[in-house]
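When reading the values below, keep in mind they use all heavy atoms of this one structure, side chains included, and skip hydrogens, waters and symmetry mates. Bear in mind that the values here come from a model prediction, so they are computed numbers and not experimental data. Counting starts at 1 for both ligands and their atoms, in listed order.
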Amino acid sequence: MKLATFTHAGSTRVGVVEGEELIDLAAAAPELPHEMCALLEAGPEALARVERAVAAARTRIPTDDLHLEAPILRPPKILAVGLNYADHIAESGMETPKHPTIFNKQSTSVTGPYDPVHLPRASGALDYEGELGLVIGRRCRHVRRERAAEVVAGYLVVNDVSVRDWQFHTPTLTMGKSFDTHCPLGPWIMTADEVGDPHALSLRTWVNGELRQESNTKELIFDSFAIIEYLSTAFTLEPGDVISTGTPAGVGISRKPPQLLIAGDVIRIELEHIGQIENPVIPEPEESARI
Ligand code: ZN
C-alpha cells in the first residue's frame, strides 16, 4: 500500500493512493487515527483494517484534486547516514568508516514531495542527496539485524538537502543538514510487503532533467537492517521515525566543476518500486523571518 498524508478541502489527513486516486481513510475507516504516526503506532491490525477499507471504498479523490504532504509531517526522529556508498566516499575523499556515520536532521526540516526547497539567505552552497529512507513501524530497542525487517513499516524517498559550507562549519554536520524545507519526503510510505528486497532498488537523481546520480541500494555499505541494529543498541526507535540510508556519488559539490543548486532548479529523485519526488528550488521567502 501507498500510505499518504494529504490536504483536501482545508484539512490534512491520511489516505491510500491507488493509481491516480486516493482513498480517504477519514471517510473509509473513520475509527482509525487520522495522523500517520498514530496510525503506524496502532499496529498491524490497524493496517489490516486499512486494507479492508480500501478494498470496500466507493469514493475516491483524484490525486490531481489534492495536495500530497510529507507522509510523516513531524517524525519523532530523523536520522541519516553519511558516507554509506563507496563511490560517494571516493568522491568526497574520505576513508570508509568503521561505524555508520550517523547524524540528525531536525523534524522542522521536513517538507512535502512536491514542495519548494529554499535556497537559504545565509548560503549559496545548496546541494541534493537522493536517498532510500525507511520508516519505523514499531517501538523497539536492541533489534538484531536478522529481525530488523519486522520493525520497518515501509520505505520512501528522501532528499537529504545539504548546505555544504554550513555542513562543514564543525564536524557534527547538523547545522548544514537541517535548514527549513531541506528534508523532502515521500511521495508516500510504500509498505514493506510491496517493496520486496529494499537492498536491490535502483536510485536516480535528476536536476533539470539531467541525470546526476545513478546507483542501486545493493551498494549500501551499512544496509537498512545493520543501521537499525546499530541505532537501537543505543536508543528506542518509535513509530514514524525516519532513517535515511545515505547517498551515492554524483552530488553537486563533487562534480568538476561543482554544480550547486540555484533558484529555478528542479530536483527529481526516483526509487524503484517506491516512487519519485520532485522539488523546485526557490529563494528563501521574506516571511520565513518570524521574529
Ligand atoms: Zn545524505
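Ring centroid separation for the pair Phe222 and His99 does not come in under the 6.0 Å cut-off.
Using a cutoff of 4.0 Å between basic side-chain nitrogens and carboxylate oxygens, Arg145 and Asp223 are scored as salt-bridged. Ion pairing between Lys77 and Glu238 holds under the 4.0 Å rule for side-chain N and carboxylate O. The pair Arg138-Glu41 does not meet the salt-bridge criterion, since no charged nitrogen lies less than 4.0 angstrom from a carboxylate oxygen.
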Distance-only donor-acceptor pairs under 3.5 Å for side chains of residues 253-262, two or more places apart:
unit_1: Arg255; atom_1: NE; unit_2: Gln259; atom_2: OE1; d: 2.7
unit_1: Lys256; atom_1: NZ; unit_2: Ser254; atom_2: O; d: 3.4

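Here 3 is the count of protein N, O or S atoms positioned under 2.8 Å from the Zn ion (ligand 1), waters not counted.
Ser162 and His182 form no side-chain donor-acceptor contact under 3.5 Å, judged by distance and modelled atom types alone.
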